[in-house]
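In what follows, a structure is listed as structure tokens, so that the remarks can point back to it.
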Amino acid sequence: MKIATWNVNSIRTRLDHVMTWLTANPVDVLCVQETKVTDQDFPRAALEALGYHVYISGQKSYNGVALLSRNPLQNVSAGFAPVLGAASGEPFDEQKRVLSGIHDQMLIVNVYVPNGSEIGSEKYDYKLRWLATLRDYLKALLPLQPQLLVCGDFNIAPEDRDIHDPTGREQRIMATDAERQALRQAIFDLGLVDAFRQFNSSAGQFTWWDYRAAAFRRNLGWRIDHHYLAPALTPRAKDCVIDKTPRSWEKPSDHVPVIVELE
DNA sequence: ATGGCACATCCCATGTGA
């Protein structure tokens, strides 16, 4: 089976791209981030007509996540609160960034990690606190659902080989030591592994390129979209690839899909 | 050193992204 993650930067603006890509790449589940639309205005019918069950957690203008699945998902759940309780979860659930569901015994958690804006800003602090909450959430889930896949836009490049130029990484978001430590505590310390790095150890493998300065043409990118596999799933991993194709289409998202294949 | 581009919005400028 194949599961993909893709930050589409507005599902309404990118609907044609998503439809075209899914037709050519009929993955079992597509985890979408930055839908930027209320649930009421989500283009559900078009995706259902393609043969996908549609699960959404959105809001106006910003954030928003969706799960598109060929088969129905079980126990679909939005936000942290269903696992962590209202006191810990609800403050973070105003921003729609987490959506999970069970597909054939496997719990798929789709996340859109906050961007962080600038080092030292309130948003940067929010990003670090959000990741600490993600850690608590996953730590609680893992014993209940050992077959756990966490994927999405993490807005963090885990290592220097995941950035076209790591110079000055402490001065800007996405690769500071503090962000990497928060990622380590939320993901790696729980025993989860980076699916992509099971199959590809090269530098220069990116999932996001800035719209500006012809970054894609010059391959000035970052690898910030990830699939993380719990120990029970790692033996099933057969491949994990980045599909750069949609980044060259007309009016693309700045991110591209990442696909993991499990047996 | 800076800016560059794109998206959504009660706006034609601003907030946000990364």
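Atom set for the values below is all heavy atoms of this structure, side chains included, hydrogens, waters and symmetry mates excluded.
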Whole-Å distance separating the CZ atom of Arg14(A) from the P atom of dC5(B): 16 Å
Step-by-step side-chain contact (heavy atoms from CB on, under 4.5 Å) determination, Trp130(A) to Arg97(A): CA-CA 10 Å; Trp130(A) 194 96; Arg97(A) 297 179 176 278; 3.6 Å; yes
Sugar-phosphate only, base, or nothing, as touched by Asp225(A) at under 4.0 Å among non-hydrogen atoms: nothing
side-chain N/O Asn9(A) vs dA6(B) OP1/OP2, d < 4.0 Å: no
Sub-3.5 Å pairs of nitrogen or oxygen atoms, protein against nucleotides 9-13 of chain B:
none

Sugar-phosphate, base or nothing in reach of Phe216(A), heavy atoms under 4.0 Å: nothing
Rounded distance in Å between the C1' positions of dC11(B) and dT16(B): 16 Å
Non-hydrogen side-chain atoms of Tyr55(A) and Pro72(A) separated by less than 4.5 Å: yes
Spacing of the P atoms in dC12(B) and dT2(B) (rounded, Å): 28 Å
Stepwise ring pair (Phe, Tyr, Trp, His ring centres under 6.0 Å) test for Phe154(A) and Tyr112(A): CA-CA 6 Å; Phe154(A) 284 78; Tyr112(A) 173 46; over 10 Å; no
Interatomic distance, Leu220(A) CG vs dC5(B) C1' [rounded to whole Å]: 14 Å
Aromatic ring pairing Phe206(A)/His164(A), orientation class (parallel under 30°, perpendicular over 60°, tilted between): perpendicular
Atom-pair distance (CZ on Phe42(A); P on dA8(B)), nearest Å: 13 Å
Under-4.0 Å side-chain N/O to phosphate OP1/OP2 contact, Asn7(A) with dG17(B): no
Heavy-atom pair with the smallest gap, counting every atom of Asn7(A) and Ser253(A): O-OG, 2.6 Å
Separation between the P atoms of dA18(B) and dC7(B), rounded to whole Å: 13 Å
Value in whole Å for how far the C1' atom of dG17(B) lies from CD of Glu122(A): 17 Å
Closest listed nucleotide, where the reference is the side chain of Tyr62(A) and the choices are dT16(B), dG4(B), dG17(B): dT16(B)
Arg212(A) CZ to dA1(B) C1', straight-line distance once rounded to whole Å: 14 Å
Counter-base of dT2(B), judged by Watson-Crick or G-U geometry with both distances under 3.5 Å: none
Upstream residue (5' side of DNA chain B) when Arg97(A) and Thr13(A) are each assigned their closest nucleotide: Thr13(A)
Ring centres under 6.0 angstrom apart (Tyr126(A), Phe92(A)): yes
Under 3.5 Å: donor-acceptor pair, side chain of Asp162(A), backbone of Glu159(A): yes
Touch class at under 4.0 angstrom, heavy-atom based, for Asn63(A) against every strand present: nothing
Base-pairing mate for dA13(B) - Watson-Crick or G-U, with both contacts under 3.5 Å: dT9(B)
Whichever of Lys251(A) and Lys123(A) has its nearest DNA chain B nucleotide further upstream toward 5': Lys251(A)
salt_bridge(Asp189(A), Arg184(A)) N-O dist < 4.0 Å: yes
Tyr112(A) side chain near dA18(B) phosphate (N/O to OP1/OP2, under 4.0 Å): yes
Atom-pair distance (OH on Tyr211(A); C1' on dC5(B)), nearest Å: 8 Å
Between dG15(B) and dC10(B) - P atom distance, rounded Å: 14 Å
N or O in side chain of His255(A) less than 4.0 angstrom from dA18(B) OP1/OP2: yes
dA1(B) versus dA13(B) - spacing of their C1' atoms, nearest Å: 25 Å
Protein-nucleotide distance (Gln171(A), atom CD; dA1(B), atom P), rounded to Å: 12 Å
